[in-house]
Amino acid sequence: ARVLNNKEEALIDRLEVVTVPSPSPRGLPVKQFAAQAQLPVHEWPDVGAGEYDVGVVASFGRLLSEALILKFPYGVLNVHPSCLPRWRGPAPIIHTVLHGDAVTGVTIMQIRPKRFDVGPIVKQETIPVSPRSTAKELEVVLSRLGANMLISVLKNLPESLNRARQQPAEGVTYAPKISAGTSCIKWEEQTSEQIFRLYRAIGNIIPLQTLWMENTVKLLDLVEVNNSVLADLKLTGQTVTPGSVIYHKQLQILLVCCKDGWIGVRSVMLKKTLTATDFYNGYLHPWRQNNSQAPPSQCRFQTLRLPAKKKLAKTVVAMQQCIK
Ligand SMILES: *[C@@H]1O[C@H](CO)[C@@H](O)[C@H](O)[C@H]1NC(C)=O
Ligand SMILES: *[C@@H]1O[C@H](CO)[C@@H](O)[C@H](O)[C@H]1NC(C)=O
């Protein structure tokens with residue numbers, strides 16, 4: 001971007017956009033926005049030949065060379081959705097939710113070559129994370145916050161950069177990409193609280209999954225259950241094998257026992273999407289009738305173990321879309 005100093009005029013004189021190459025899901029929304037706003041677009045590693053004052057990246061996922069950074073008199077700013085140095089790396093919002101952080105925020109920092117998310121902090125603002133917010137909801141809030149913070153930095157660019165401070169050495173954590181294996185619920189190891197966090201962190205990108213009698217089941221719609229629901233089925237205080245599935249007829253949900261506590265499930269997917277009632281009628285009840293001698297603990301979901309390979313694409317933080 002080329003920034004104007006005259007505050008009476010528009011803040012930005014000229015804006016050009018660089019996207020990561022197209023089949024990447026991250027580049028696409030940026031490219032579409034740029035086309036709509038009639039901005040020139042370059043596809044990385046092409047960055048155009050123009051002269052600019054400052055560069056800005058958000059969730060770009062590529063290291064910038066020193067030579068490129070030096071082309072910008074005011075350097076390159078990164079808008080990162082966490083309070084650095086907490087959650088450096090490609091999936092900060094997911095890890096914020098997964099770890100149940102009560103506070104998060106946005107950091108605007110100066111890009112340094114060779115390593116991600118280590119440069120000096122130009123501006124940082126925090127916000128509380130509401131206890132039930134999903135990563136997707138948080139992303140929307142943080143995108144807006146980041147866009148507004150960026151504008152205020154650009155309005156006072158030299159002063160903002162002069163006030164930049166190194167990141168503290170304490171409190172560094174990493175937010176790697178999430179692997180598909182993370183979506184497999186570990187019934188013996190995870191509490192209901194941990195499973196709900198996982199659901200809010202990644203459920204919209206990759207559904208939680210488990211095994212029902214050797215078939216993969218995706219748990220699509222989770223609901224919290226309270227003690228009075230458990231009391232209905234005389235489950236309070238009982239020792240039940242984790243993964244055990246019980247159908248709650250009045251509420252039309254499946255109750256699944258975790259390491260500690262229970263989760264409710266409203267719909268699942270086997271070959272197709274099924275309500276809890278469909279699953280009960282099509283799978284749970286017939287299995288029980290066929291296996292009337294089997295102990296109740298056999299009627300359960302079992303942890304699905306995937307070969308640890310597939311990586312998930314990073315979530316799209318379409319922060320650029322909010323910058324107008
Ligand atoms: C418990 O959950 C049920 C079903 O969602 C609801 O009807 C009931 O009001 C809840 N009870 C309490 C004490 O929250
Ligand atoms: C019940 O048993 C029958 C006969 O062995 C079998 O065809 C059917 O698939 C079984 N159903 C379930 C749900 O186990």
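Start at 1 and go down the list; that is how both ligands and their atoms are numbered.
- Within a 6.0 Å sphere centred on CZ of Arg266, other residues, nucleotides and ligands contribute 12 heavy atoms or fewer.
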What short N/O contacts, under 3.5 Å, does ligand 1 make with the protein, listed by atom pair and distance?
residue  : atom   : partner : partner atom : Å
ligand 1 : 2 (O)  : Asn226  : OD1          : 3.4
ligand 1 : 2 (O)  : Asn226  : ND2          : 2.5
ligand 1 : 11 (N) : Asn226  : ND2          : 2.9
ligand 1 : 14 (O) : Asn226  : ND2          : 3.1

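- Ion pairing between Glu188 and Lys186 fails under the 4.0 Å rule for side-chain N and carboxylate O.
- The pair Arg163-Glu159 fails the salt-bridge criterion, with no side-chain N (NZ, NE, NH1 or NH2) lying under 4.0 Å from an Asp/Glu carboxylate O.
- Tyr247 and Met269 are not part of a single hydrophobic cluster, where members link through side-chain heavy atoms under 4.5 Å apart.
- Using a 4.0 Å cut-off between charged side-chain N and carboxylate O, Glu224 and Arg132 make a salt bridge.
- Applying the salt bridge (charged side-chain N to carboxylate O under 4.0 Å, His left out) rule to pairs touching residues 81-93 yields Arg86-Asp101, sequence neighbours excluded.
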